[in-house]
Amino acid sequence: MKTPNYFIVETSALPEIFLKVAEAKRLLETGEVKTVNAATRKVDISRSAFYKYKDAVRPFNDMLHGRIVTFQILLKDEPGVLSAVLNVFAQSGGNILTINQGIPSNGCAAVTIGAETSGLLLPLEELLAQALAVEGVVRCEILAG
C-alpha cells in the first residue's frame, strides 16, 4: 500500500470540487442535512464526485482537532515574550504539554511547544495569528501535528 503524501494548500488555489466536497462533509457532520444525496444536491456536485474525494479532502483545522500539535516559535531574546505567547495558548484553550527553549543566539531563541488541541476555543489558524502578533515573536509555525 502506498503511503499517502499531504500538502497544505490555500483554499483559493484549490479546484472548486474540493471545496464543495468539504462543504458537503460539513453539512453532514453538523446535521444540517441528513443524507449524502441532500448534501451533494445542496452544494451542486454529483454523489460520485463526493465519494471519490470525501476521504481525501479535509479542512486543516479538522485534521488537527483532538491531536497533539508541535509549534515552532522563534522569539526575540527579551523578557516576557515567552510568557505572552503562553498566555495566548492559555486564553485559546490549548493545553500545553511540553515547552523546550534553546539558548538564545543572535538575539533570538527557538521555542518548541507541544500542545493538545481538542479544547481550542478558536481555529488553529487564529491561534497561530495571535501568537505571531505578540510583540517579540519573529516566526510561529506548526512543526508537526
Side-chain angles (χ1 to χ4, degrees), residues 1-36 38-40 42-43 45 47 49-145:
M1 183 173 165
K2 184 180 174 191
T3 304
N5 292 320
Y6 297 98
F7 295 91
I8 297 175
V9 181
E10 164 62 42
T11 57
S12 64
L14 289 173
E16 186 178 9
I17 187 65
F18 294 153
L19 301 175
K20 288 184 173 188
V21 168
E23 176 62 10
K25 288 176 63 172
R26 188 194 67 77
L27 291 169
L28 287 163
E29 289 170 3
T30 61
E32 292 178 52
V33 297
K34 301 293 183 213
T35 66
V36 169
T40 57
K42 190 161 188 165
V43 299
I45 59 173
R47 286 171 28 114
F50 175 81
Y51 284 114
K52 180 177 181 179
Y53 297 118
K54 76 175 180 66
D55 294 328
V57 175
R58 181 176 303 144
F60 181 62
N61 59 332
D62 284 357
M63 288 175 40
L64 299 176
H65 186 75
R67 293 192 176 184
I68 296 172
V69 178
T70 303
F71 299 85
Q72 185 166 23
I73 306 169
L74 186 62
L75 306 176
K76 290 183 180 177
D77 184 21
E78 298 172 357
V81 178
L82 178 57
S83 177
V85 170
L86 296 177
N87 282 333
V88 169
F89 276 82
Q91 292 169 359
S92 74
N95 182 22
I96 294 177
L97 304 172
T98 63
I99 302 170
N100 295 301
Q101 179 175 340
I103 295 173
S105 172
N106 296 323
C108 291
V111 176
T112 305
I113 296 176
E116 209 283 318
T117 61
S118 66
L120 284 181
L121 306 172
L122 54 127
L124 189 62
E125 296 89 345
E126 180 63 25
L127 171 61
L128 285 170
Q130 287 184 16
L132 189 57
V134 169
E135 188 171 335
V137 173
V138 177
R139 184 179 65 236
C140 181
E141 59 193 10
I142 293 175
L143 187 61

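In this chain, residues are counted from 1 in sequence order.
The ring pair (Phe, Tyr, Trp, His ring centres under 6.0 Å) test applied to Y53 returns F18, not counting sequence neighbours. Every residue was checked against the salt bridge (charged side-chain N to carboxylate O under 4.0 Å, His left out) condition with E78, not counting sequence neighbours, and none meets it.
Summarising the geometry of A24 relative to A39, their closest heavy-atom pair is O-CB, 3.8 Å, with the distance given to 0.1 Å. Of all the heavy atoms in V134 and A84, the pair that sits closest is CG1-CB, 3.6 Å. The shortest non-hydrogen separation linking A109 to Q101 is CB-NE2, 3.6 Å. L128 and C140 get closest at one heavy-atom pair: CD2-SG, 3.6 Å. Smallest separation of non-hydrogen atoms from A38 and V33: CB-CB, 3.9 Å. C108 approaches L74 most closely through the heavy-atom pair CB-CD1, 3.8 Å.
The line from CD of E23 to CG of L28 is 10.0 Å long, rounded to the nearest 0.5 Å. Distance check: K20 NZ to L14 CG gives 14.0 Å after rounding to the nearest 0.5 Å. Interatomic distance, CG of L19 versus OG1 of T11, reported as 6.0 Å (0.5 Å rounding). To the nearest 0.5 Å, the span separating CD1 on I96 from CZ on F71 amounts to 9.0 Å. Within the model, atoms CG of L75 and OG of S83 stand 11.0 Å from one another, a figure rounded to the nearest 0.5 Å. Rounded to the nearest 0.5 Å, atoms CD1 (I113) and CG (L82) are 6.0 Å apart.
Put simply, the side chain of I99 reaches to within 4.5 Å of the side chain of V111, judged on heavy atoms.
In this structure, I103 places its CD1 atom where only 12 or fewer heavy-atom neighbours from other residues, nucleotides or ligands lie under 6.0 Å away.
Under a 3.5 Å cut-off, the side chain of K25 and the backbone N or O of K54 do form a donor-acceptor pair.
Ion pairing between a basic and an acidic side chain is recognised when a charged N comes within 4.0 Å of a carboxylate O; E29 and R26 show no such pairing.
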Applying side chain to side chain contact (heavy atoms under 4.5 Å, CB included) to V88 and L127, what does each step give before you reach the verdict? CA-CA 7 Å; V88 169; L127 171 61; 3.7 Å; yes

